[in-house]
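So that the names make sense, note that chain A is the first sequence line, chain B the second, and so on, each numbered from 1.
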Amino acid sequence: MASEIMQDNQAPTAADPDETAYRPQAVEAAAQQYWNAQRAYEVTEQPGKAKFYCLSMLPYPSGALHMGHVRNYTIGDVISRFQRMQGRNVLQPMGWDAFGLPAENAAIKHKTAPAKWTYANIEHMRAQMQAMGYAFDWSREFATCRPDYYVHEQRMFTRLMKKGLAYRKNAVVNWDPVDQTVLANEQVIDGRGWRTGALVEKREIPQWFLKITDYAQELLDGLDALPGWPDAVKTMQRNWLGRSEGLEIRFALEGGGEPLSVFTTRPDTLMGVTFLSIAAEHPLAQRAALDNPKLAAFIAELKHGGVSEAELETQDKRGMDTGLCAIHPISGERVPIWVANFVLMGYGTGAVMAVPGHDQRDWEFAQKYSLPIRMVIVDDSVLDALKQIRHELALGVGSDAMLAALEGRDIDAQDVSAPLRVVQEFERRIMEEAAWTARGTLVNSGEYDGLDFERAFDALATRFERDGSGARRVNWRLRDWGVSRQRYWGCPIPVIRCAACGDVPVPEDQLPVLLPEDVAFSGVQSPIKADPAWRQTTCPNCGGAAERETDTFDTFMESSWYYARYTSPGAATQVDDRANYWLPVDQYIGGIEHAILHLLYFRFYHKLLRDEGLVATDEPATNLLCQGMVIAETFYRENADGSREWFNPADVEVQRDDHGRVTGARLKTDGQPVRIGGIEKMSKSKNNGVDPQSMVAKYGADTVRLFSMFAAPPEQSLEWNEAGVEGMARFLKRFWREVTAHAGGPDHAVVDPAELDAGQKAMRRQLHETIQKVSDDIGRRHAFNTAIAALMELLNALGKFADASEQGRAVRHEALEAMVLLLNPVVPHISHALWQVLGHPVTVLEDQPWPRVDPAALVRDTATLAVQVNGKLRGTIELPVNAGKDEAEALARAQPQVRQFLEGMTVRKVIVVPGKIVNIVAG
RNA sequence: GCCGGUGUGGCGGAAUGGUAGACGCGGCGGACUCAAAAUCCGCUUGUGGUGACACAGUGGAGGUUCGAGUCCUCUCACCGGUACCA
């Protein structure tokens, strides 16, 4: 049994004289050394062998690994090792999403260059990952801030420009008037700049966009081809894309001029339009403001505040009459045009028709500004009432045309006071309580009275298409992807601005456009914007003097195609043929916070790569798992000024009463009480982050891995709790002891199923049931927590299985060997060591086949059935598995408990679910 | 505001329409020990009862079903996203 592990363990220290004790640090160092020496997880393409590409979202190198990373990469590592044990050629890469805003903030704080800070973080975090024992193919590692990565992104962008898929237009940003800089939404707090405290303004600047809207339909349809993605993610993406079918209707302006276009999904409510609302940025509003100082002041006021949707949609609805009027295309009535702060220039046409009777937001606006409300849609009960009072035309509801449309239906109208109340009540609610927004039947709509939604839609669409004042249109909520950032630490946008030729893509032979890394960084202005020498260049078209674009790309650009680059390390092109061996990603793992933006750009970019002929598939990843956050208790003390000082959970001791309920907490250093602030996402601001490195130093990587997989199912949030971690350490110690004790005993025999007694059979059945459950839990359900629970139960059972007979030892040996393999994906270091303890030569354990279920071992003689009376449990019965329904029913009815509850009742029905339940329905 | 999700013992969680609380933590009791730690064993949803047992119970209110933590409707609370945080 000479192995590097045992050699390593042969020199027990004085403090720990037990040479069979589990020492995670030694075990883990030895296993990692062996894997590195073997290059155990470096892979190449093996045509003919099933591949499995397991990808975890690449980290931003923020400084140190946090528990969220540990959770993410442990899930990926478990799946990777498991899949390799199923015989697949597994690729699991890792890299760094290295551009981004935090590097600039750190650079200001620490007076260093963003590049230097970033590279130092990468070194540190890589070492931390390696200590966790992840089976990454490190030969494929890259950082996205390196020119040999971003050159491909720049080349792709210049090609998209030539295809017309990249273009420039004005867009609104947050502007800090003091620092004279653009702010990210995150940097706007309560409408003010986070550093200056100045009121933020909206400002329009030219920006580069990618035409993701050209792919909207494909991005929508593609979701149906992704059964391996969570429904929640697909639903969110569908809603984000927001396909809607409607009409674009042109309202002529009073006094002539360009008509005002609106988009509506509810043309059936057209006769209920009482005003039009336009965005403050709409050209019509701008024009009206020229000779209307009050309106100009109002529009200027709307410029205050940030541009985020959450901020815009939660502010009070406000508006002002422009004084302009449009002409209703059917009735010819004058319709006033208002500027409203809730109409967004970026969605649809920047103008909407307002129907206060049947749209809640318009209703609230109309109430606030005393604008008229009209009922033009009614439900079936009102329709019936209208039919009954069809002779009472003078009542002011309905109309001749509508009633004519209803003439076909023969109704006896006697007393109309009851139906009249129905109609009046419906109309009163619309006028006084709330808009009625469901679909129904048109009234008060002239020739369209009596039509339902579809027929009204068709009739109006046909009419407008004929007279040229409107058309059917598909509208998307999705907007084109703005990729310009006015920041330094990002990939330079490869464009040259020439006064004569316009925007010219940098020729491919002049790429990459390099970002200088050795710069002084103050945070106020980007060093490349401040450096005239960097900007200055010549136009590749005309040879005249020109300037470089100084904006950089959104960092989502780098993270949209990194998965493809891992397949083709060193390729001169963005990816090469190897991509089509590995892609698509078989399992993608990352946080749910990326459900929309990153995962949509990721899917979009894959289609861009496909349309460049670089990849052959339509979607980048077939299966997606979104893990929850890592959270922890928070502790604080209130300072005299009301601010809070937060204490790390590691420095706090929790107090409990006799029942184990938490009663309070004290700081370990001074013994004085601290307040418990609730369980929140681990963060620097609440100081409740638990450092993975300190946990690894204290318990070992396997224990940390085990806890993060056991404490919650992967999709849910995981509460870090050190007592729970200790429990995992206890389990590994017991496992180690059980295996070493067994290996140190007499030689074992091979299991002979015919020789087993009842106890041995039961032990072996539990083993094979566990193999079955663990295989399904890891392979299909990704329920790692219940897989581990089943293995804990198995170890508990083995601890009580005191059978020292030959067959008893044989069963134990089979069980322990299987357990080492079943636990290997989660705790690979201890498994690596114990495999050798069990007498095997040192090896890469992922090349051992996964344990197989012996169907014969699963066979049971009897089954336990629950017996219910009227759905309530009244006992259980044990009977042979092949017993019939009658037998089960008879035995159930014979139970004393059951007879007691059936006394004086008549049995009406008996439901028998074989192997599960007998329910006697009586009354 | 809008979109998506979550809610079960003292705590993390289990239960894939069929015995609610597996497994782990904490707590209580016991063994071992001079003692402590470590380890091992037992108990541990609540209420009533010596007990067998009964009743209640999965955020709240309704509903479907022989049977609902699970499916449906409404509602409350919290979490994620909301296009320039990543």
Under 4.0 angstrom, heavy atoms only, what part of the nucleic acid is [X] near: base, sugar-phosphate, or nothing?
X        : value
A:Asp776 : base
A:Val913 : base
A:Thr864 : base
A:Thr876 : base
A:Arg361 : nothing

In the structure I gave you, are the side-chain heavy atoms of [X] and [Y] within less than 4.5 Å of one another anywhere?
X        : Y        : answer
A:Glu104 : A:Arg487 : yes
A:Ile122 : A:Pro61  : yes
A:Leu599 : A:Tyr588 : yes

At under 4.0 Å between heavy atoms, how does the protein contact [range]? Give one character per nucleotide, 5' to 3', with B, S or -.
range                        : result
nucleotides 67-77 of chain B : S----------
nucleotides 43-59 of chain B : ----------SSSS---
nucleotides 79-86 of chain B : SBSBBBBB

Could A:Lys681 and A:Glu633 be called an ion pair, given the rule that one side-chain N must be under 4.0 Å from one carboxylate O?
no
What integer distance in Å separates [X]:[atom1] from [N]:[atom2]?
X        : N     : atom1 : atom2 : result
A:Asn239 : B:G5  : CG    : C1'   : 13 Å
A:Glu722 : B:G26 : CD    : C1'   : 15 Å
A:Lys909 : B:U65 : NZ    : P     : 10 Å
A:Lys800 : B:C41 : NZ    : C1'   : 9 Å
A:Asn785 : B:G24 : CG    : P     : 13 Å
A:Glu769 : B:A22 : CD    : P     : 18 Å
A:Met709 : B:G13 : CE    : P     : 15 Å
A:Leu823 : B:C23 : CG    : P     : 17 Å

Mark yes or no for whether [X], through its side chain, and [Y], through its backbone, hold a donor-acceptor pair below 3.5 Å.
X        : Y        : value
A:Thr144 : A:Ala98  : yes
A:Asn785 : A:Ala712 : no
A:Glu201 : A:Gly305 : no

[atom1] atom, [N] versus [M]: distance in rounded Å?
N     : M     : atom1 : value
B:G42 : B:G24 : P     : 11 Å
B:U6  : B:A56 : C1'   : 26 Å
B:A77 : B:C71 : P     : 22 Å
B:C66 : B:C79 : P     : 41 Å
B:G62 : B:C11 : P     : 25 Å
B:G10 : B:G26 : C1'   : 7 Å
B:G9  : B:U75 : C1'   : 25 Å
B:A31 : B:A35 : C1'   : 15 Å

Hey, which of A:Phe602, A:Phe209, A:Tyr601, A:Phe556 is the one that makes ring pair (Phe, Tyr, Trp, His ring centres under 6.0 Å) with A:Trp481?
A:Tyr601
Think A:Arg730 has a side-chain N or O under 4.0 angstrom from the OP1 or OP2 of B:G26?
yes
Exercise: do [X] and [Y] side chains pair donor with acceptor under 3.5 Å:
X        : Y        : answer
A:Arg874 : A:Gln900 : no
A:Asp179 : A:Thr196 : no
A:Arg734 : A:Asn796 : yes
A:Gln525 : A:Gln180 : no
A:Glu364 : A:Gln360 : yes

A:Leu902: which residues meet the side chain to side chain contact (heavy atoms under 4.5 Å, CB included) condition with it, sequence neighbours left out?
A:Val869, A:Val898, A:Val907, A:Ile920, A:Ala922
In terms of the nearest nucleotide of RNA chain B, which residue is placed more toward the 5' end: A:Ile917 or A:Thr314?
A:Thr314
A:Ala789 side chain: which of B:A15, B:G13, B:A22 is closest?
B:A22
Please identify each residue that fulfils salt bridge (Lys or Arg N to Asp or Glu O under 4.0 Å) with A:Arg860, with sequence neighbours left out.
A:Glu769
Parallel, tilted or perpendicular: which describes the rings of A:Trp720 and A:Phe707, with under 30° parallel and over 60° perpendicular?
perpendicular
Glycosidic conformation of B:G9, taking syn as within 90° of 0 and anti otherwise:
syn
Paired stems touching RNA chain B, three or more consecutive Watson-Crick or G-U pairs with both distances under 3.5 Å?
B:1-7 with B:76-82, B:10-12 with B:23-25, B:26-31 with B:39-44, B:45-48 with B:53-56, B:59-63 with B:71-75
